[in-house]
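Naming: A, B, ... by sequence-line order, numbering from 1 per chain. Note that these values count all heavy atoms, side chains included, but never hydrogens, waters or copies made by symmetry.
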Number of protein chains: 2
Amino acid sequence: MSERILIVEDEPKLAALLADYLRAAGYETACLADGLAVAPSVRAHPPDLVLLDLMLPGRDGLDVCRELRTFSQVPVVMVTARVEEIDRLLGLELGADDYVCKPFSPREVVARVRAVLRRAHRPPADGVPGLVIDDDGYRAIYDGHALDLTPVEFRLLRALAAHPGRVFSRDQLLDHLYPDHRVVTDRTVDSHVKNLRRKLEQVRPDRELIRSIYGVGYKLEE
Amino acid sequence: MSERILIVEDEPKLAALLADYLRAAGYETACLADGLAVAPSVRAHPPDLVLLDLMLPGRDGLDVCRELRTFSQVPVVMVTARVEEIDRLLGLELGADDYVCKPFSPREVVARVRAVLRRAHRPPADGVPGLVIDDDGYRAIYDGHALDLTPVEFRLLRALAAHPGRVFSRDQLLDHLYPDHRVVTDRTVDSHVKNLRRKLEQVRPDRELIRSIYGVGYKLEE
DNA sequence: GCGGATCGTGGAGACATCGTGGAGAAGCGG
DNA sequence: CCGCTTCTCCACGATGTCTCCACGATCCGC
């Protein structure tokens, strides 16, 4: 039985294009052009995933997403016009599962959808392959090797590893790094990422565990 | 026989959602919406785990957790509104076993519950090789040699040995050292660690039993 | 492509934490 | 009250860590 994707997009051509590709990938699709209709539709006929344009007539995609989250845990992939907007999204902490920014290739969208659904199906007890975070002991083990991390590096890795694949803005990461909410340049995060990366690649030079998302932040590769 | 989870959550929809997922994962569930009712309920019918919302009408989740701890060792998973609060909670050392922050996916909650229960089942009977703590006699034996410890040193070693590998902050250790919660500088802990280390290395000069975790605290090597 | 923004990196100085010896206070038994 | 042990704190140096800067590389939107 195939999965249903609800496409919320006000531009008909784009909606049709996405629907085509998604159907070709084996999904069932439904389309909505109006933000107001999303919540009722999801209630009445819950899809397996919602592909949500940020710019909608009448109703902002952000509101829609928030409303969905009040009653549903359905995975949401946001579609935004520009990279810069992702920043704003992250700050608002709205609970989307992934983001795609225009201009995108339909194949890219399909790939994201597939990835999010895979993540949603599999129990999230997974974590990152080869990475063990020993919270009590303030230790991290990567491919069997104990990492010699500073406190900040440990907290950074722990924060990222708590939600593999999820992008964290620098500000979000700073919140995790400092319980006392001290004021620090967000470029400081870059420095710690640099040092952390160095220690990680001592263990596995071939793998890029921490990925930068341009204009957004960092995430841990799943 | 399945395990019972007590859900304490004042929002009915959320409680129902969590109950659904937990039942789907094979647990029995019970729900309470009121913080005041928790302790009596746990006394009357002890669950295997309590899922506790931090924000409760009438009674703070923190108080509830503290009250539970006065008479029960039941595992507690706290649910908090925001990421930032988790750090605060961690500092407060209130005795919860894990934390989940909103917005969370029910799947994530199930994963945490599973992890905490797994941890709770596994007997914590591990110890430190060569180290015996004679609780009644206020004595410690290390590699066959009786250690001549002062009372504070003994309590320090006992606290660390209760959870080998786990890092204790200086404040946490001070709580263990003084039942009367007197006010003492953190650095005092350092002094006692210094003296304790000296006595330990008289027995085994080659081994570094007490390890400092920079910026965090001390732990006993496993 | 071009300009502007963002990011990776090395390194230096500021900063925090830790180990230590020892001084004085506090307990405690005689 | 005395002598002893123990505790707490202080001060200093040693060590470890953080933060930021500056430069070049990279990426993005036009």
Side-chain angles (χ1 to χ4, degrees), chain A residues 80-88 90 99-105 108 138 140 147-157 167-171 173-202 205 208-219, chain B residues 138 140 147-157 167-171 173-202 205 208-219:
Chain A
T80 75
R82 306 236 216 83
V83 171
E84 300 101 63
E85 284 176 340
I86 290 190
D87 234 345
R88 198 162 64 86
L90 285 174
Y99 311 84
V100 183
C101 51
K102 300 178 183 175
F104 50 77
S105 73
E108 185 185 347
Y138 248 72
L147 297 170
D148 186 25
L149 303 180
T150 72
V152 174
E153 286 161 8
F154 176 80
R155 287 195 287 266
L156 175 59
L157 185 59
V167 185
F168 292 84
S169 71
R170 287 170 176 75
D171 282 338
L173 290 172
L174 285 175
D175 280 346
H176 282 96
L177 298 191
Y178 311 104
D180 56 352
H181 287 77
R182 44 197 296 196
V183 183
V184 165
T185 318
D186 48 1
R187 297 304 310 282
T188 298
V189 176
D190 298 26
S191 274
H192 292 294
V193 166
K194 170 192 52 170
N195 298 327
L196 188 48
R197 273 175 170 157
R198 179 152 39 210
K199 293 180 181 178
L200 288 171
E201 73 191 18
Q202 278 178 5
E208 187 191 348
L209 194 59
I210 301 179
R211 267 191 61 182
S212 333
I213 311 298
Y214 188 94
V216 187
Y218 294 100
K219 74 169 182 175
Chain B
Y138 249 66
L147 297 169
D148 185 26
L149 302 181
T150 71
V152 174
E153 286 161 10
F154 176 79
R155 287 195 289 269
L156 175 59
L157 186 58
V167 183
F168 292 85
S169 72
R170 287 170 176 74
D171 282 338
L173 290 172
L174 286 175
D175 282 347
H176 282 98
L177 297 191
Y178 312 105
D180 56 352
H181 286 78
R182 44 196 296 197
V183 183
V184 165
T185 318
D186 312 17
R187 300 305 310 278
T188 299
V189 176
D190 298 26
S191 276
H192 292 295
V193 166
K194 172 190 51 171
N195 298 327
L196 188 47
R197 273 176 170 158
R198 182 149 40 206
K199 293 179 180 177
L200 288 170
E201 73 190 18
Q202 278 177 6
E208 187 192 348
L209 194 60
I210 301 180
R211 266 192 62 181
S212 335
I213 309 299
Y214 189 96
V216 186
Y218 294 100
K219 74 171 178 179

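- At the heavy-atom level, Leu174(B) lies nowhere under 4.0 Å from the strands shown.
- Put simply, the side chain of Arg187(A) and the base of dG8(C) share a donor and an acceptor less than 3.5 Å apart.
- Atom CG in Asp180(A) sits roughly 10 Å away from atom P in dT17(C) (whole-Å rounding).
- The OG1 atom of Thr150(A) sits 8.0 Å away from the CZ atom of Arg155(A) when rounded to the nearest 0.5 Å.
- Taking atom CD1 of Ile210(A) as the reference point, atom P of dC7(C) lies 14 Å away to the nearest angstrom.
- For Lys219(B) against Ile213(B), the heavy-atom pair with the smallest separation is CE-CD1, 4.0 Å.
- The distance between atom CG of Asp190(A) and atom P of dA5(C), rounded to the nearest whole Å, is 17 Å.
- For the pair Arg211(B) CZ and dG16(D) C1', the interatomic distance rounds to 14 Å; values are reported in whole Å.
- Residue Arg198(B) has a polar side-chain atom (N or O) positioned under 4.0 Å from OP1 or OP2 of dG21(C).
- Minimum atom distance to the side chain of Thr185(B) is reached by dC9(D), of the listed dC9(D), dT9(C), dC18(D).
- For Asp171(B), the CG atom sits in a packed shell: over 12 heavy atoms of surrounding residues, nucleotides or ligands are nearer than 6.0 Å.
- Side-chain proximity of Pro151(B) to the nucleotides dG11(C), dC10(D), dC7(D) is greatest for dC7(D).
- For the OP1/OP2 pair of dG19(C) and a distance below 4.0 Å, the side-chain nitrogens and oxygens of Ser212(B) include at least one atom meeting the criterion.
- For the pair Arg182(B) and dT8(D), the criterion of a side-chain N or O lying under 4.0 Å from OP1 or OP2 is met.
- Atom NZ in Lys199(A) sits roughly 12 Å away from atom P in dG16(D) (whole-Å rounding).
- Remark: the Ser191(A) side chain and the dC18(D) base include no donor-acceptor N/O pair separated by less than 3.5 Å.
- In terms of position on DNA chain D, the residue among Asp186(B) and Leu149(B) whose nearest nucleotide sits closer to the 5' end is Leu149(B).
- Of the listed residues (Val167(A), Val189(A), Leu156(A)), just one forms a side chain to side chain contact (heavy atoms under 4.5 Å, CB included) with Tyr218(A), and that residue is Val189(A).
- If Val152(A) and Val184(B) are placed on DNA chain D by their nearest nucleotide, the residue sitting closer to the 5' end is Val184(B).
- Residue Thr150(B) places at least one side-chain N or O closer than 4.0 Å to OP1 or OP2 of dC7(D).
- The base of dC28(D) does not come close enough to the side chain of Tyr214(A) for any donor and acceptor atom to sit less than 3.5 Å apart.
- Taking only side-chain atoms of Thr188(B), from C-beta outward, the nucleotide of dT20(C), dT8(D), dT19(D) with the closest atom is dT8(D).
- Nearest heavy atoms, Asp190(B) versus Arg170(B): OD1-NE, 2.7 Å.
- For the pair Arg197(B) and Arg197(A), both in contact range of DNA chain C, the more 5′-proximal nearest nucleotide belongs to Arg197(A).
- Candidate nucleotides dC18(D), dT9(C), dC9(D) were compared by shortest atom distance to the side chain of His192(A), and dC18(D) ranks first.
- Pairing each heavy atom of Leu196(B) with each of Glu153(B), the nearest pair is CD2-O, 3.9 Å.
- Look at Tyr178(B) and you'll find a side-chain N or O under 4.0 angstrom from OP1 or OP2 of dT8(D).
- Summarising the geometry, the separation between CG on Leu196(B) and C1' on dG19(C) is reported as 14 Å, rounded to the nearest angstrom.
- In this structure, NZ of Lys194(B) is placed 13 Å from P of dT8(D), rounded to the nearest angstrom.
- Between the CD1 atom of Ile213(B) and the C1' atom of dT15(D) there is a distance of 15 Å, given to the nearest Å.
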